Amino acid sequence: MKRLVKQSLRYILIGLAALVLLLAVAWWWLTGTRSGAAFLLGQAQSRLEKLEYGQLEGALSDGLVLRDVDFEQAGLGLTANRVELAVGIRPLPTRITIRRLALADVELSLPPPAPEAPDAAPFEMADYSAPVEVVVEDFELVDFILHSADDDTPPLEIQRAAFAGRYADALEIDTLELDMAPYSLSAEGRLGLDSPWAVDLGLDAAWAVDDETTQSLSVQAEGPLDALNLQAEGDGPLQARARAAINGLPSMEALDGNISLSGSLEDWPGIAGRIEGIELEAQGALDGWEADLTGRVEWPEQPAVDVSLAVTGIEERITISRGDLALLDGHVRVTGWVRLCL
């Protein structure tokens with residue numbers, strides 16, 4: 001009896017070892033050979049409306065290259081001159097590593113928007129964390145064009161986009177770069193994907209106003225989403241420093257905040273004058289806010305004007321409760337209101 005048990009255990013272990021070896025060989029074939037990649041693509045083609053490509057090179061583990069890709073699904077259309085993908089998968093604990101994903105000469109066409117439900121529920125944040133850790137080591141998009149379903153809307157063009165980071169319980173951005181002439185953007189930081197959706201993000205943006213003038217903006221955002229603190233600094237024709245607190249996001253009904261800004265404006269293309277000593281203090285919500293603004297406006301061959309305004313607003317109207325324009329040896333008092341057509 002013992003001999004029979006030992007023989008049975010031996011055969012079971014041999015069978016398990018053979019099964020593991022078979023799975024390893026199958027995995028190697030799927031991810032490490034061109035024929036395995038072709039098989040996976042064939043399985044995808046059988047499940048999609050349209051997936052065509054002109055040439056296949058390499059394997060999934062060390063770099064799969066597709067040329068002349070044409071994809072369609074549910075009204076969404078994508079063409080790409082070249083797609084490169086290299087992926088590694090760790091079984092336990094599960095982690096997907098995208099070693100490289102590069103797309104070049106891409107055109108994406110969006111489907112017509114679905115009609116909005118008349119009684120759609122208000123938007124609420126949820127848990128957006130990933131069930132499986134995904135690490136992106138190198139993503140690059142070159143020469144991208146986005147076409148909307150509306151023919152009157154001009155296409156969106158991106159010259160280059162790059163990303164490296166991690167997606168799991170949070171979105172960790174090691175590098176994010178976007179070039180979309182005349183604008184550019186870079187970012188790094190961390191975005192929480194579950195309550196309280198903590199933010200720790202740094203953004204740097206630039207705008208080439210003309211061939212000789214660039215306006216830049218740096219923003220640091222910190223805190224939970226519903227109590228966000230912002231610090232910003234502008235450099236260029238607009239020199240500015242600002243601090244702001246925004247409460248209540250993502251709800252617009254509960255949104256309120258305050259901002260404090262100081263700066264100046266000079267040498268903006270097409271504007272001959274300048275504004276010095278800009279000071280802005282504002283606080284409130286969309287249904288009731290107030291702001292105080294001061295500054296000095298200087299224009300060629302015109303007397304300088306010192307401006308002081310106190311403004312309040314609600315959803316339907318903006319009211320100038322105090323307006324003082326000081327020029328030469330006198331003052332001009334201004335009050336009034338403007339009705340908003342929303």
Side-chain angles (χ1 to χ4, degrees), residues 103-108 110 139-148 150 152-165 171 173-191 199-223 225 228-246 249-250 252 255 257-282 286 291 293-300 307 309 311:
L103 301 93
D105 298 323
V106 179
E107 293 198 29
L108 179 64
L110 299 178
F139 167 78
E140 185 177 40
L141 176 65
V142 178
D143 294 335
F144 172 80
I145 301 176
L146 175 65
H147 300 276
S148 69
D150 185 0
D152 296 330
T153 303
L156 175 69
E157 298 187 20
I158 298 175
Q159 286 72 50
R160 181 179 179 272
F163 174 81
L171 177 61
I173 303 172
D174 296 331
T175 58
L176 172 62
E177 299 174 355
L178 180 65
D179 294 324
M180 189 174 63
Y183 310 104
S184 62
L185 173 73
S186 63
E188 63 178 16
R190 189 177 190 273
L191 299 174
V199 177
D200 184 4
L201 186 65
L203 298 171
D204 291 298
W207 173 22
V209 184
D210 60 19
D211 294 338
E212 299 178 351
T213 309
T214 299
Q215 177 65 46
S216 64
L217 176 67
S218 298
V219 178
Q220 183 67 40
E222 296 180 346
L225 185 62
L228 204 58
N229 293 310
L230 303 175
Q231 296 186 49
E233 183 173 349
D235 188 27
L238 175 62
Q239 298 281 332
R241 292 179 180 271
R243 298 175 64 91
I246 302 175
L249 287 173
M252 298 302 292
L255 187 67
N258 61 78
I259 183 173
S260 176
L261 179 147
S262 61
S264 62
L265 177 66
E266 185 176 6
D267 296 330
W268 191 278
I271 299 178
R274 64 179 183 176
I275 306 176
E276 293 184 337
I278 300 173
E279 297 290 341
L280 171 67
E281 297 285 342
L286 294 178
L293 173 67
T294 60
R296 183 179 180 87
V297 180
E298 298 181 359
W299 212 266
V307 179
L309 297 175
V311 183

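Remember, it's a predicted structure, so these values are computed and weren't measured experimentally. Position 1 is the first residue of the sequence; numbering continues from there.
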Evaluate the side-chain proximity of Met180 to Leu156: yes if any heavy-atom separation is below 4.5 Å, no if none is. yes

When you measure from the side chain of Gln215 to the backbone N and O of Asp235, does any donor-acceptor pair fall under 3.5 Å? yes

Pairs of donor and acceptor atoms involving the side chains of residues 260-275, under 3.5 Å and at least two apart or interchain, shall be tabulated with distances.
from, atom 1, to, atom 2, distance (Å)
Ser260, OG, Glu281, OE2, 2.8
Glu266, OE2, Arg274, NH1, 3.3
Arg274, NE, Glu298, OE1, 2.8
Arg274, NH1, Glu276, OE2, 3.3
Arg274, NH2, Glu276, OE2, 3.4
Arg274, NH2, Glu298, OE1, 2.9

Could you tell me whether Gln220 atom CD has more than 12 heavy atoms of other residues or ligands within 6.0 Å of it? yes

Could you check whether any side-chain N or O of Gln159 sits under 3.5 Å from a backbone N or O of Ala181, counting only pairs where one atom can act as donor and the other as acceptor? yes

Kindly give the heavy-atom pair with the smallest separation between Ala161 and Leu178, and that separation in Å. CB-CD1, 4.0 Å

Nearest-0.5 Å distance, CG of residue Leu255 to CD1 of residue Ile246: 7.0 Å

Tell me the closest heavy-atom pair linking Ala187 and Ile173, and the distance in Å. O-CG2, 3.6 Å

Distance (rounded to the nearest 0.5 Å) between Leu146 CG and Ile158 CD1: 7.5 Å

Rounded to the nearest 0.5 Å, what's the gap from OG1 on Thr175 to CZ on Phe163? Could you check? 7.5 Å

When you compare the side chain of Val106 with that of Val142, does any pair of heavy atoms fall below 4.5 Å? no

Applying side chain to side chain contact (heavy atoms under 4.5 Å, CB included), run through Leu293 and Val311 and close with a yes or a no. CA-CA 8 Å; Leu293 173 67; Val311 183; over 6 Å; no

Closest heavy-atom pair, Thr153 versus Ser148, reported as atoms and distance to 0.1 Å, is CB-OG, 3.3 Å

Can you tell me if Asp211 has over 12 outside heavy atoms packed within less than 6.0 Å of its CG? no

Evaluate the side chain to side chain contact (heavy atoms under 4.5 Å, CB included) criterion for residues Glu222 and Leu201: first the C-alpha distance (whole Å), next the side-chain angles of each, then the deciding distance (0.1 Å), finally the verdict. CA-CA 7 Å; Glu222 296 180 346; Leu201 186 65; over 6 Å; no

Nearest-0.5 Å distance, CG of residue Leu185 to CG of residue Leu176: 6.0 Å

By salt bridge (charged side-chain N to carboxylate O under 4.0 Å, His left out), which residues pair with Glu177, not counting sequence neighbours? Arg160

CZ of Arg190 to CG of Asp200: how many Å apart, nearest 0.5 Å? 8.5 Å

Under the side-chain contact (heavy atoms from CB on, under 4.5 Å) test, which residues partner Asp204, sequence neighbours left out? Ser186, Ser218

